[in-house]
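Keep in mind that the numbers below use all heavy atoms, side chains included, and drop hydrogens, waters and symmetry copies.
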Amino acid sequence: MSRSWIFAFLFIHVSCLGHGFCGKVLVWPTDASHWLNMKFILEELVVRGHRVTVLVNPAQLLIESDKPSPFNLEWYSVPFTKDMLEAAVEDMLKFLMNDLPDLSYWETFLRIKASVSNMMAMQRQACDSTVLDTALVAKLRGTGFDVLLSDPLAPCGELVAELLGIPFLYTFRFSMASTVERLCGQIPAPPSYVPATTISFIDQMPFMQRVKNVLFILSQDVIFHWLIYREMSDYYSEVTGEKDDY
């Protein structure tokens, strides 16, 4: 083979390397502002040649089927409506931005418990509609996805990845009182010095604010273990058949 043909072959080979490393990305999104953050990442993946499929349902607030999308949208049905989800999100935002500073410790705990229970009920229904749909799981498994991208605020993404036998990645972490970051990510955050997220304190807290900060963080730990971790651990064990001894 002449030298010119060798250089031509190498040029073509190198030019195709980028496409050779492109993969199939499955996405378990979280709605509202979290989707805006994830959408930016997904658009960049598409630009780089990756094929992105997003699992969505008709109740999603910002992902709409009547608008062109650079992603492949895989729809599944849920037993709640967009209005119900929007009302739950609005109630949570109103509580965090307007009501929280004026509530007592006990009132704050009860309001957060009610909001979290409501959102977790909807999230579990979305999980049921996905992981218990054998036809959908078989279709996703047959597509041959390389990785699942998930937002840690909404559980079930890692369960879908486990059922498909693929790795998963989180976009970022942000939970009330940094509960997930502290208990799962082991981020150092002494409650006497580090203000809890959503409580609107700064790093220089007087004594009573430190007390309230500690109580607020402890209440979120209780809610996490009581309403989220225990429930979702049992749910994951039920779906996968693997018992988690917590």
Shortest non-hydrogen contact from [X] to [Y]?
X      : Y      : value
Pro29  : Trp35  : CB-CE3, 3.8 Å
Leu55  : Gln60  : O-OE1, 4.1 Å
Gly23  : Asp146 : CA-OD2, 3.2 Å
Pro70  : Val46  : O-CG2, 4.0 Å
Phe145 : Leu140 : CD1-O, 3.5 Å
Phe216 : Ala196 : CD2-CB, 3.6 Å

Kindly work out whether a path of hydrophobic side-chain contacts (I/L/V/M/F/W/Y, heavy atoms less than 4.5 Å apart) joins [X] to [Y].
X      : Y      : value
Leu26  : Tyr76  : yes
Leu61  : Phe40  : no
Met84  : Met119 : yes
Leu45  : Leu36  : yes
Leu215 : Met208 : yes

Legend entry - Non-hydrogen side-chain atoms of Met205 and Pro195 separated by less than 4.5 Å: yes
Legend entry - Glu158 and Trp28, any side-chain heavy atoms less than 4.5 Å apart: no
Inset, instruction - Please step through side chain to side chain contact (heavy atoms under 4.5 Å, CB included) for the pair Val239 and Leu163, ending with a clear verdict. - result: CA-CA 9 Å; Val239 173; Leu163 293 178; 4.1 Å; yes
Legend entry - Straight-line distance of Asn57 CG to Leu73 CG, nearest 0.5 Å: 11.5 Å
For residues 120-138, run the donor-acceptor check on the side chains, cut-off 3.5 Å, and write out each pair with its distance to 0.1 Å, sequence neighbours left out.
residue	atom	partner	partner atom	Å
Gln123	NE2	Pro155	O	2.9
Asp128	OD1	Tyr235	OH	2.6
Ser129	OG	Ser77	O	2.8
Ser129	OG	Gln125	O	3.0
Thr130	OG1	Ala126	O	3.0
Asp133	OD1	Ala135	N	3.2
Asp133	OD1	Leu136	N	3.2

Inset, instruction - Applying salt bridge (Lys or Arg N to Asp or Glu O under 4.0 Å), run through Arg48 and Glu44 and close with a yes or a no. - result: CA-CA 6 Å; Arg48 300 191 181 196; Glu44 183 62 28; 3.0 Å; yes
Inset, instruction - Quick one: do Tyr193 and Asp203 satisfy side chain to side chain contact (heavy atoms under 4.5 Å, CB included)? Show the steps, please. - result: CA-CA 7 Å; Tyr193 298 95; Asp203 58 345; over 6 Å; no
Inset, instruction - For side chain to side chain contact (heavy atoms under 4.5 Å, CB included), just list the numbers for Val27 and Leu148, CA-CA rounded to whole Å, side-chain angles, deciding distance to a tenth of an Å, and then say yes or no. - result: CA-CA 6 Å; Val27 181; Leu148 183 142; over 6 Å; no
Legend entry - Donor-acceptor pair, side chain of Arg210 and main chain of Ser192, under 3.5 angstrom: yes
